[in-house]
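Written below as structure tokens is the structure these notes are about.
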Amino acid sequence: MRFLVIGGTAFMGPHVVRKLAGLGHEVAIFHRGKTRASGNPPGILSFLGDRHLLDQHAGALRAWKPEIIVDMVLITEADAKDLMRVFEGTAKRVVAVSSIDAVKAYGVLHGTESGPTIAVPFDEDTPVRENLYPYRGKVPGLDDYDKILVEREALAHPELPATVLRLPMVYGPGDRQRRLRHLVRRMDAGRPAILLESALASWRGSRGYVENVADAIVSAALDLRWSGRVYNVAEEPALEERAWAAAVGAATGWKGKFVEVPGVKLPKALQADFNTAQHLDASSARIRRELGYRERVAFDEGLTRTVAWERANPIPPKPEETDGDAAEEKVLRELGAW
């Protein structure tokens, strides 16, 4: 088959491209040209352009006659409308990459949704957020971001059926959000102890290693039986934060200890800034049952690779991180744990 991957040069994208090409499919990438994917096999065609100006490239993209569109960078409702308009009548199917931040539990977690906590693990039929635009006024450039609107638009076109994948917190080499850095940095500094707020230590959030998540995207792209479906992608079980931190510690070889402290005994800067009573634990039973998804890279191996990449790509501590280190050390000394 012929696949067009939109945004296939950063983090997850290159793994999707290489997997599809390795299976013998024709693959093209539509991207801005600002990031160059390394390790791509020969024969990968590139279309250069701005994702938000997709209409301007419609002629060239349609002329290539892609059968399946895998869109890694659907951010806004306008993105989704452009995607469906450009490829209706040309492509057979769309795979839309979404996020579990679409669900109501995410809003409860961050205090933007009212009502009781949502039971976990939640499946794909869990309610979505009632309040749109979760990052408006909070994250520059994401005022119009909302995966709920992306999903609705992608699933509203039976003539161009879509499959939606809700991704968890994705970690691995190339992770621009550096989800392991706050732990690896302090562990590699040889700190004898690290604080964990007690409530945060018990919190569970779904995660996924980048290569495994890419495999899930490829599985959805290749299986034409399940158009119109929404799938959660997540490691199972979702680990409590204490277990996750301990696993990172094992991957770094750190010999220190974690000290759990009630939030009331911590300065505000060291307290969790979300509702730890609401877990973000997504069930991935559907994708495992219907698409046969399994993690190819073992959990320990994924952490080892991620730690190695973090060490090879260090970032100097920011002033707020240095201040946080000092505040943490002060509390630990007061507790006699330093």
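Computed over heavy atoms, backbone and side chain alike; hydrogens, waters and symmetry mates excluded.
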Q.
Looking at Lys330 and Glu334, is any side-chain nitrogen of the basic one under 4.0 Å from a carboxylate oxygen of the acidic one?
A. yes
Q. Between Tyr145 and Tyr133, does the ring centre distance come in under 6.0 Å?
A. no
Q.
With rounding to the nearest 0.5 angstrom, report the CZ to CZ distance, Arg207 to Arg179.
A. 9.0 Å
Q.
Donor-acceptor check, side chain of Asn232 to backbone of Leu167, threshold 3.5 angstrom: yes or no?
A. no
**Q.** SB check Asp146 Arg152 (cutoff 4.0 Å)
**A.** no
Q: Run the salt-bridge test on Arg181 and Glu321 with the 4.0 Å N-O cut-off and return the result as yes or no.
A: yes
Q: Output yes when Glu290 and Arg225 qualify as a salt bridge under the 4.0 Å nitrogen-oxygen rule, no when they do not.
A: no
(Q) I'd like to know if Arg288 pairs up with Glu295 as an ion pair, taking the criterion as any Lys NZ or Arg NE/NH1/NH2 lying under 4.0 Å from an Asp or Glu carboxylate oxygen. (A) yes
(Q) Going by the rule side-chain contact (heavy atoms from CB on, under 4.5 Å), which residues pair with Ala162 if we only count those two or more places apart in sequence or in a different chain? (A) Val94, Ala154, Leu155
Q. Hey, does the side chain of Lys255 reach the backbone of Gly190 with a donor-acceptor pair shorter than 3.5 angstrom?
A. no
**Q.** Pairwise side-chain contact, Leu280 with Trp203, heavy-atom cut-off 4.5 Å (strictly under)
**A.** yes
Q.
Just to verify, which of Phe47, Trp64, Phe87, Phe30 counts as forming a ring-ring contact (aromatic ring centres under 6.0 Å, His included) with His57?
A. Phe30
